Amino acid sequence: MEFKTDFAEVLYGALNGQLEKKKLIQMIEKPKFENMGDLAFPCFELAKVLRKSPQIIATDLATKIKTPLFEKVEPVGGYVNVFLNKPIVSQQVIQKVLSEKENFADLKIGNGQVMTIDFSSPNIAKPFSMGHLRSTVIGNALALIAEKSGYRPIRINHLGDWGTQFGKLIVAYKKWGNEDTVRKQPIKELLKLYVQFHEEAENDPTLENEARAWFKKLEDADAEAIELWEWFREESLKEFAKIYELMGIEFDSYHGEAFYNDKMDRVVEMLEDKKLLEESDGAQVVPLENLPPCLIKKSDGTTLYATRDLAAAIYRQETYHFTKSLYVVGNEQTLHFKQVFSVLEKMGFEWQKGMSHVPFGMMLKDGKKMSTRKGKVVLLEEVLNEAIALALEDIKKKNPNLASKEEVARQVGTGAVIFHDLKNFRQNDIEFSLEDMLRFEGETGPYVQYTHARAASLLRKGDFQESDNPVSIPDQEAWSIITALIAFPDAIKRAIEEYDPSQIAKYVIELSRAFNKYYASVRILDDSELKQDRLTLVYTVKLTLKEGLRLLGLQAPEEM
RNA sequence: GUCCCGAUAGCUCAGCAGGAUAGAGCAACAGUUUCCUAAACUGUAGGUCGGAGGUUCGAAUCCUCUUCGGGACGCCA
């Protein structure tokens with residue numbers, strides 16, 4: 001399977017060790033076009049050392065390369081192009097997928113180490129908006145990819161269940177709220193109150209002071225404040241649970257910000273002991289080099305976001321002993337995490353080197369940030385339900401005899417929404433478009449799911465049974481499927497190294513495309529001696545697609 | 001003002017440990033089903049890779065400057 005390495009070995013011999021094997025592996029690339037072979041070695045760099053033209057070097061090298069693994073070696077314009085021996089390579093790959101099944105492409109780079117992943121982290125008493133979708137699906141995929149790569153992921157939902165916003169909410173509830181209406185539709189009603197607070201506060205600034213006072217009461221454990229807070233929190237969690245269930249996402253910890261309330265004094269003490277704290281305009285800060293100072297305590301003595309994140313980081317290290325610790329949080333908080341990591345470094349914690357902020361772009365509406373304060377939010381649950389309804393419609397039209405229509409619609413609908421978010425590089429901003437999100441054709445989740453269902457259908461109809469006979473490439477047209485299968489481990493490697501789930505999304509698209517082309521050009525269930533081999537190939541595609549989808553947090557229905 | 005992201009086809013984006021003719025999807029147009037799910041496949045059309053310099057045998061990819069868009073920059077998170 002490591003054909004690059006094999007090629008490098010051969011080159012190393014042919015070059016009498018003039019370049020290191022590692023360097024050679026690095027230089028080997030994939031030719032731009034399929035008719036140029038499967039691997040290519042550019043000779044331009046060697047031209048300087050050898051004082052010969054790249055063309056001559058390539059021609060020369062080509063004659064020296066002889067291995068049964070390559071069926072053709074061709075010097076073209078300064079490149080040595082290599083064509084893999086299709087029968088041999090295919091047999092190896094198919095054999096590997098067949099024997100490893102869903103463990104195909106498992107990596108060991110994580111080495112069993114713990115990786116905490118802080119993601120989703122919605123704010124209590126606010127609706128689960130499209131904005132939170134990004135953190136949720138990216139974090140979930142990263143956890144799955146980390147596991148595939150040999151890490152032990154710990155999924156942490158760092159709930160936004162503390163802060164001045166609760167002061168605002170309590171004020172709003174006491175002034176304009178009503179218990180019954182909140183009980184009926186907690187999130188909608190609380191959002192309404194939150195929005196109303198900001199509207200009224202524009203004309204009446206004293207409201208802000210009231211809100212701060214109520215938050216102070218909350219921090220001082222005032223009974224009424226606590227009671228309301230607990231109620232809001234509980235209702236919100238119920239609401240979030242529905243969404244997580246819909247998307248099939250689970251967490252190891254729901255410790256939110258409030259959990260760290262009693263752990264912050266210790267952090268402040270540690271900072272004092274290390275003489276890192278300074279007073280500035282009545283507030284306590286840690287001055288940093290090349291960064292603005294990090295605020296630890298407000299002038300009224302209450303804590304801040306950064307303080308809680310410091311406490312959380314220390315708690316996580318002490319509890320989980322992580323080697324890596326990720327924060328899947330939006331772009332706009334980059335500075336904050338730089339500050340927090342920097343403070344931890346000043347505190348002398350070596351383990352902070354394993355911490356990374358995994359930023360992502362914003363979900364925009366009309367080119368602008370969506371604002372909860374102004375009530376300009378799109379609710380995730382509504383979008384998911386709409387996607388599911390649309391999927392159900394399609395199923396009724398296209399596959400009316402399908403038994404579990406509702407369940408498959410759920411898988412396909414949520415799949416479309418999740419995939420739409422994951423297929424592009426995280427850091428890009430996304431303009432919210434319901435139309436794009438509910439598209440089931442082209443480069444979409446449903447396209448990949450459909451491809452998987454097609455493969456499953458073939459296996460059913462062809463009554464496929466695994467056998468121990470070696471299987472090789474059944475048709476020339478299948479070669480791009482083989483090369484796609486070979487590429488799966490690389491996709492996972494890149495995804496984990498760059499914390500980039502879109503690598504997997506792009507990969508499953510590529511494999512699906514290769515398979516659909518094959519499907520269109522070769523009749524798989526034809527009665528021929530090739531049928532068993534073809535079905536075996538279909539089976540390897542099905543396994544790999546399913547695993548790829550799983551890593552993104554999508555399910556792969558057998559029929560749709 | 002300082003710092004961080006981004007700019008590639010009409011739209012959404014790949015490509016960016018430099019390499020051979022810049023690729024997909026959507027939209028448009030033209031096709032494919034007596035045949036394994038047409039949520040598919042085939043073809044046509046569409047690009048001064050924001051602009052200007054530089055490094056290099058070679059730049060969409062690296063460096064500098066610049067324009068435009070977004071974000072962050074102390075008592076929100």
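Heavy-atom basis, side chains included; hydrogens, waters and symmetry copies ignored. What you see is a predicted model; the values in this text were computed from it and never measured. Numbered from 1 within each chain, the chains take letters A, B, ... in sequence-line order.
In terms of phosphate contacts, A:Lys298 brings a side-chain nitrogen or oxygen within less than 4.0 Å of OP1 or OP2 of B:C76. OP1 and OP2 of B:C41 both lie 4.0 Å or more from every side-chain N or O belonging to A:Lys517. The phosphate of B:A38 (OP1 or OP2) has a side-chain N or O of A:Tyr450 nearer than 4.0 angstrom. For B:A20, one of the phosphate oxygens OP1 or OP2 lies less than 4.0 angstrom from a side-chain nitrogen or oxygen of A:Lys32. For the OP1/OP2 pair of B:C41 and a distance below 4.0 Å, the side-chain nitrogens and oxygens of A:Tyr447 include at least one atom meeting the criterion. Between A:Lys461 and B:U37 there is a side-chain polar atom (N or O) within less than 4.0 angstrom of OP1 or OP2. An OP1 or OP2 oxygen of B:A14 is reached within less than 4.0 angstrom by a side-chain nitrogen or oxygen of A:Asn428.
The side chain of A:Arg513 lies closest to B:G25, out of B:A20, B:G25, B:A39. For A:Phe425, taking side-chain heavy atoms from C-beta onward, the closest of the listed nucleotides B:A39, B:A77, B:A14 is B:A14. Each of B:A14, B:C16, B:U37 was ranked by its minimum atom distance to the side chain of A:Asn399; first place goes to B:U37. With B:U12, B:C36, B:C57 as the choices, the nucleotide that has an atom nearest any side-chain atom of A:Asn424 turns out to be B:U12. Of the listed nucleotides (B:A77, B:U12, B:C75), B:C75 has the atom at the smallest distance from the side chain of A:Ser299. Closest contact between the side chain of A:Tyr519 and the listed nucleotides B:A14, B:C36, B:A20 involves B:C36. Listed nucleotides: B:C5, B:C4, B:A20. Nearest to the side chain of A:Gln427: B:C5. Side chain of A:Asn123, nearest nucleotide from B:G74, B:G70, B:A77: B:A77. Taking the side chain of A:Glu29 as heavy atoms from C-beta on, and the options B:A72, B:C36, B:A20, the nearest nucleotide is B:A20. Nearest to the side-chain atoms of A:Arg439 among the listed nucleotides B:C73, B:G74, B:C26 stands B:C26.
Heavy atoms of A:Glu559 sit under 4.0 angstrom from at least one base atom. Here A:Ile524 lies in heavy-atom contact (under 4.0 Å) with a base. Within the 4.0 angstrom heavy-atom criterion, only backbone atoms of the sugar-phosphate kind lie near A:Leu304; the bases stay farther away. If you check every strand for non-hydrogen atoms under 4.0 Å, A:Asn81 touches a base. The residue A:Pro359 sits apart from the nucleic acid: no heavy atom pair falls under 4.0 Å. If you check every strand for non-hydrogen atoms under 4.0 Å, A:Gln333 touches a base. If you check every strand for non-hydrogen atoms under 4.0 Å, A:Val538 touches nothing. Residue A:Ala453 is in base contact, counting any heavy-atom pair closer than 4.0 Å across all strands shown.
Using a 5.5 Å limit on the distance between ring centres and a 30° limit on the angle between planes, the aromatic ring of A:Phe33 counts as stacked on the six-membered base ring of B:U21.
Nucleotide B:U37 forms a pair with no other nucleotide shown, judged by Watson-Crick or G-U wobble geometry with both contacts under 3.5 Å. Nucleotide B:U44 has B:A28 as its partner under the Watson-Crick or G-U criteria, with both atom distances under 3.5 Å. Partner assigned to B:A17 is none, using Watson-Crick or G-U wobble distances below 3.5 angstrom. Base-pair partner of B:A22: not found among the strands shown (Watson-Crick or G-U wobble, both distances under 3.5 Å). In this structure B:A59 sits in no base pair that meets the Watson-Crick or G-U test at under 3.5 Å. For B:U2, the paired base is B:A72 (Watson-Crick or G-U wobble, both distances below 3.5 Å). Checking B:A7 for Watson-Crick or G-U wobble geometry (two distances, each under 3.5 Å) identifies B:U67 as its partner. B:C49 is unpaired under the Watson-Crick or G-U wobble criterion, no partner having all donor-acceptor distances under 3.5 Å.
One finds no salt bridge joining A:Lys22 and A:Glu20 here, because no Lys/Arg side-chain nitrogen approaches an Asp/Glu carboxylate oxygen to under 4.0 Å. Using a 4.0 Å cut-off between charged nitrogen and carboxylate oxygen, A:Lys542 and A:Glu558 count as a salt-bridge pair. Comment: A:Arg439 engages A:Glu435 in a salt bridge, judged by a side-chain N to carboxylate O separation of less than 4.0 angstrom.
More than 12 heavy atoms of other residues, nucleotides or ligands sit less than 6.0 Å from atom NZ of A:Lys531. Crowding of A:Lys506 atom NZ: a count of heavy atoms from other residues, nucleotides or ligands under 6.0 Å exceeding 12.
In this structure, CD1 of A:Ile509 is placed 16 Å from C1' of B:G15, rounded to the nearest angstrom. Atom CE in A:Met362 sits roughly 15 Å away from atom C1' in B:A77 (whole-Å rounding). A:Tyr327 places its OH atom 16 Å from the P atom of B:A77, with the value rounded to the nearest Å. Remark: P of B:C3 and CG of A:Asn331 are 18 Å apart, rounded to the nearest angstrom.
When atom types are taken as modelled, the side chain of A:Asn81 and the backbone of A:Ala40 share no donor-acceptor pair closer than 3.5 angstrom. With hydrogens and angles disregarded, no donor-acceptor distance shorter than 3.5 Å links the side chain of A:Asp429 to the backbone of A:Gly361. Remark: side-chain polar atoms of A:Arg426 are paired, donor with acceptor, to backbone N or O of A:Pro359 under 3.5 angstrom.
B:U2 and B:U64 are spaced 16 Å apart, taking the P atom of each and rounding to whole Å. For the P atom pair drawn from B:A7 and B:G51, the interatomic distance equals 13 Å after rounding to whole Å. Taking atom C1' on both nucleotides, B:A9 is separated from B:A28 by 13 Å, rounded to a whole Å. Comparing the C1' positions of B:U32 and B:U37 gives an interatomic distance of 16 Å, to the nearest angstrom. B:C26 and B:A40 have their P atoms separated by 7 Å, with the value rounded to a whole Å. Straight-line distance between the P atoms of B:U48 and B:C36: roughly 44 Å, to the nearest whole Å. For the C1' atom pair drawn from B:G46 and B:G25, the interatomic distance equals 14 Å after rounding to whole Å. Comparing B:G6 with B:C16, their P atoms are spaced 14 Å from each other, to the whole Å.
Syn is the classification of B:A17, since its glycosidic angle stays within 90° of 0.
In terms of position on RNA chain B, the residue among A:Arg454 and A:Glu45 whose nearest nucleotide sits closer to the 5' end is A:Glu45. If you find the closest nucleotide of RNA chain B to A:Ile395 and to A:Asp281, the one lying nearer the 5' end belongs to A:Ile395.
Residue-to-nucleotide contacts include a donor-acceptor pair under 3.5 Å from the side chain of A:Ser280 to the base of B:G74. Applying the 3.5 Å distance criterion, the base of B:A38 shares no donor-acceptor pair with the side chain of A:Asn516.
The six-membered or imidazole ring of A:Phe232 lies away from that of A:Phe166, with a centre-to-centre distance of 6.0 Å or more.
When each of A:Leu277, A:Leu271, A:Val268 is checked for a side chain to side chain contact (heavy atoms under 4.5 Å, CB included) with A:Gln284, only A:Leu277 meets the rule.
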